[in-house]
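Below you'll find the structure, written out as structure tokens, and then a few comments.
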Amino acid sequence: MWLPPALLLLCLPGCWSLVGPRFVTGTTGDSLTIRCRYEKDYKGYNKYWCRGQYDTDCNKIVETQGTEREERSGRVSIRDNADSLTLTVTMENLNAADAGSYWCKIQTVWILDEWSRDPSFQVQVSVSPAPCTTTRRTTHPATPATFPAETAGQNFSTNHCPG
């Protein structure tokens with residue numbers, strides 16, 4: 001099969017060097033874990049998690065330091081497991097503002113120019129509202145023993161719904 005040269009340029013070396021889930025969904029208040037796998041050639045490189053529409057201008061949130069120790073920035077942590085070639089990012093206490101476009105990236109380029117890019121993989125994060133819970137309770141007022149009459153109970157409802 002013949003491929004046009006322009007199509008071959010779309011896959012330069014390293015274009016499949018990092019993979020993960022395209023879409024993930026978490027729930028408000030919960031944690032969300034994202035795992036990106038990388039090729040063995042990238043063991044020992046710093047990995048990072050950034051946010052932005054495009055990988056060329058995303059804002060770095062948290063980065064490994066070339067070790068397998070967990071690194072943290074606020075509610076987000078990152079860990080590189082070189083044995084399984086997996087980068088794990090955990091976002092805690094999710095809220096609606098956390099939804100958006102993120103990137104798993106490997107720091108390979110030390111001098112940035114328009115032709116050099118770090119291997120990257122885009123992950124679209126969605127955040128669903130927490131499920132609503134309603135608690136119903138019926139109370140019966142104390143009835144004096146001398147009055148055997150029925151007394152209607154009072155209903156109380158507590159709604160545990162954000163917003």
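Between the side chain of R72 and the main chain of G74, a donor-acceptor pair closer than 3.5 Å is present. Judged by distance alone, the side chain of S17 and the main-chain N or O of P119 form no donor-acceptor pair under 3.5 Å.
The side chain to side chain contact (heavy atoms under 4.5 Å, CB included) check on R22 picks up F121, with sequence neighbours excluded. By the ring-ring contact (aromatic ring centres under 6.0 Å, His included) test, W49 pairs with Y102, sequence neighbours left out.
Taking the charged nitrogens against the carboxylate oxygens, R75 and D98 do have a contact shorter than 4.0 Å, which makes a salt bridge.
The cationic group of K105 does not satisfy the cation-pi geometry with Y48, failing either the under 6.0 Å distance to the six-membered ring centre or the 45° limit from the ring axis. In this structure, K47 forms a cation-pi arrangement with Y38, its terminal cationic atom sitting closer than 6.0 Å to the ring centre and no more than 45° off the ring axis.
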* Asked: Would C50 and N59 count as a side-chain contact (heavy atoms from CB on, under 4.5 Å) if you check the C-alpha gap in whole Å, the side-chain angles of each, and the deciding distance to 0.1 Å?
  -> CA-CA 5 Å; C50 64; N59 297 313; 5.6 Å; no
Hey, mind stepping through T27 and L94 against side-chain contact (heavy atoms from CB on, under 4.5 Å) and telling me if it holds?
CA-CA 7 Å; T27 303; L94 290 170; over 6 Å; no
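Using a 4.5 Å cut-off on side-chain heavy atoms (C-beta onward), V76 and V62 make contact. Taking 4.5 Å as the limit, every side-chain heavy atom of V123 sits out of range of all side-chain heavy atoms of W103. Residues R79 and E71 fail the side-chain proximity criterion, which asks for heavy atoms closer than 4.5 Å. No side-chain heavy atom of Q107 sits under 4.5 Å from any side-chain heavy atom of Y45.
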Side chains of residues 82-89: which donor-acceptor partners sit under 3.5 Å, not counting sequence neighbours?
from : atom 1 : to  : atom 2 : distance (Å)
S84  : OG     : T86 : OG1    : 3.1
T86  : OG1    : S84 : O      : 2.9

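Side-chain atoms of S101 and Q122 form a donor-acceptor pair, as typed in the model, at a separation below 3.5 Å. Side-chain contact, S120 with D55: a donor N or O sits under 3.5 Å from an acceptor N or O.
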